[in-house]
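Right, one structure below, let's go through it.
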Protein chains: 2
Amino acid sequence: MAMLQVGNDRQVMPYCDEHLAMDFTQQAVILDSERMILTRKEYDLLALLVQHAGEIIPREALLMQVWGYGVEIRTRTLDVHVRRLRKKLGGYADQYIETIFGIGYRFQPFHAPRFFQTHVVKPAMAFGA
Amino acid sequence: MAMLQVGNDRQVMPYCDEHLAMDFTQQAVILDSERMILTRKEYDLLALLVQHAGEIIPREALLMQVWGYGVEIRTRTLDVHVRRLRKKLGGYADQYIETIFGIGYRFQPFHAPRFFQTHVVKPAMAFGA
DNA sequence: TGAACTTGTAAATACTTTGTAAAAAGGGGC
DNA sequence: GCCCCTTTTTACAAAGTATTTACAAGTTCA
């Protein structure tokens with residue numbers, strides 16, 4: 001069974017932390033009070049990551065959700081887009097977008113490591129093993 | 001489907017003691033409020049040990065569960081990985097990861113009572129060959 | 001049509017992870 | 001203490017993966 005589908009648990013409420021705010025209904029992103037100008041793919045990628053904040057998302061899942069690519073496709077497109085995103089995220093880039101070597105990427109909310117106090121309980125199956 | 005399932009007695013609730021916290025669904029480890037950056041093998045190894053905190057786990061069991069090695073394989077890989085883990089655990093290393101000479105390793109929660117720390121070793125059946 | 005922007009790819013570079021070898025240190029029986 | 005076996009430590013090499021840069025093709029829009 002291909003467990004790479006993103007479930008319908010996708011966060012649609014606005015995201016907001018100390019530096020980054022994201023409104024999914026208006027497709028607007030704000031970084032430190034500045035409007036962030038993203039291309040479509042950049043937005044889609046960031047949105048998917050942010051909507052699954054704290055979760056590791058495998059490359060194949062990202063390529064599937066954002067690009068519609070199947071698992072057989074070998075490409076560096078994702079990496080390049082992550083880079084473009086990180087560039088626009090400025091100094092917070094590496095704090096926000098974490099590389100999970102050999103697996104994929106993960107968005108971490110700013111000052112995230114408090115995972116035992118947040119009560120955001122999500123079904124751990126969204127991305128399968 | 002992932003075939004290398006570990007026994008179903010494995011702890012999935014987060015682990016947490018005075019210094020170390022571990023969330024197995026997010027694959028996140030925190031040591032004294034700092035996020036601990038682990039490689040895959042390091043994480044797998046630590047997770048297995050922590051999920052069996054207090055139990056002696058024989059080398060062969062670790063090599064089998066984390067590496068998929070059979071009993072015939074002779075290697076020092078495990079030792080080296082334990083060392084890398086200990087390094088990242090800093091000053092708590094020896095408190096947390098105990099060497100059971102001639103048998104294997106054991107993870108001990110911080111300030112765990114050591115009443116039964118003897119060298120008479122009876123490996124739990126869970127890891128029997 | 002032309003300018004500005006978006007996107008995917010190629011290729012070079014940089015970096016990470018991992019296992020092994022080998023020397024040093026430690027344990028335990030006698 | 002001595003010997004043998006186990007563990008620790010260091011260093012290194014191979015393989016794999018990610019990052020970065022540059023470019024060319026494709027879009028959009030006036």
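Values below: every heavy atom of this structure, side chains too, minus hydrogens, waters and symmetry copies. All chains are named by letter (A, B, ...) in the order of the sequence lines, taking the proteins before the strands, and each is independently numbered beginning at 1.
With sequence neighbours excluded, the residues forming a ring pair (Phe, Tyr, Trp, His ring centres under 6.0 Å) with B/H19 are B/Y92, B/F110, listed by chain and number. In this view, A/R83 satisfies the side-chain hydrogen bond (donor to acceptor under 3.5 Å, both in side chains) rule with no residue, not counting sequence neighbours. Under the rule for a side-chain hydrogen bond (donor to acceptor under 3.5 Å, both in side chains), the partners of A/T25 that lie at least two apart in sequence or sit in another chain are A/D23. Applying the side-chain hydrogen bond (donor to acceptor under 3.5 Å, both in side chains) criterion to B/E72, with sequence neighbours excluded, gives no partner residue. Residues satisfying the side-chain hydrogen bond (donor to acceptor under 3.5 Å, both in side chains) criterion with A/R84, sequence neighbours excluded, are absent altogether. Considering only residues two or more places apart in sequence or on other chains, B/I73 meets the side-chain contact (heavy atoms from CB on, under 4.5 Å) condition with B/Y69, B/T75. A search for side-chain contact (heavy atoms from CB on, under 4.5 Å) contacts involving A/R35 returns A/A28, A/I37, not counting sequence neighbours. Here A/R40 pairs with A/Q27, A/D44 under the side-chain contact (heavy atoms from CB on, under 4.5 Å) rule; sequence neighbours left out.
A/H81 and A/E42 are not linked by any side-chain donor-acceptor pair at a separation below 3.5 angstrom, with hydrogens and angles left out of the test.
Within the 4.5 Å cutoff, the side chain of A/Y43 has heavy atoms near those of the A/V29 side chain.
The phosphate of D/dA18 has OP1 or OP2 within less than 4.0 Å of a side-chain N or O from A/R59. A sub-4.0 Å separation between OP1 or OP2 of C/dG8 and a side-chain N or O of A/W67 is present. Residue B/Y105 has a polar side-chain atom (N or O) positioned under 4.0 Å from OP1 or OP2 of D/dT8. In this model, the phosphate group of C/dC5 is not approached by any side-chain N or O of A/T39 to a distance below 4.0 Å at OP1 or OP2.
Of the residues in residues 75-82 of chain B, those lying under 4.0 Å from DNA chain C by heavy-atom distance are B/T75, B/T77, B/V80, B/H81. For the segment residues 83-94 of chain A, the set of residues with a heavy atom within less than 4.0 Å of an atom of DNA chain C comprises A/R84, in numerical order.
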- request: Can you check each nucleotide of nucleotides 25-30 of chain D against protein heavy atoms at under 4.0 Å and return B for base, S for sugar-phosphate only, - for none, in 5' to 3' order?
  value: ------

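When the local axes at the two ends of the helix from C/dT1-D/dA30 to C/dC30-D/dG1 are compared, using 5 base pairs at each end, they differ in direction by 40° after rounding to 10°.
If you measure from atom CG of A/D44 to atom P of C/dT6, you get 13 Å, rounded to the nearest angstrom. Taking atom CD1 on A/I73 and atom C1' on C/dA10, their separation rounds to 17 Å, with Å as the unit. Atom OH of B/Y43 is separated from atom C1' of C/dT17 by 18 Å (rounded to the nearest Å). Taking atom CD1 on A/I97 and atom P on D/dT20, their separation rounds to 12 Å, with Å as the unit. Whole-Å rounding puts the A/F101 CZ to D/dA15 P distance at 15 Å. As rounded to whole Å, 14 Å separates atom C1' of C/dG19 from atom CG of B/L45. Following rounding to the nearest Å, A/I100 (CD1) and C/dT17 (P) show an atom-to-atom distance of 10 Å. Atom C1' of nucleotide D/dA18 and atom CZ of A/R106 are separated by 17 Å, given to the nearest angstrom.
A salt bridge does not link B/E55 to B/R106: none of the charged side-chain nitrogens sits closer than 4.0 Å to a carboxylate oxygen.
Taken to the nearest 0.5 Å, the CZ atom of A/R59 stands 10.5 Å off from the CZ atom of A/R74. To the nearest 0.5 Å, atom CG of residue A/L45 and atom CG of residue A/L78 are 6.5 Å apart.
Ring centroid separation for the pair B/F107 and B/Y15 comes in under the 6.0 Å cut-off.
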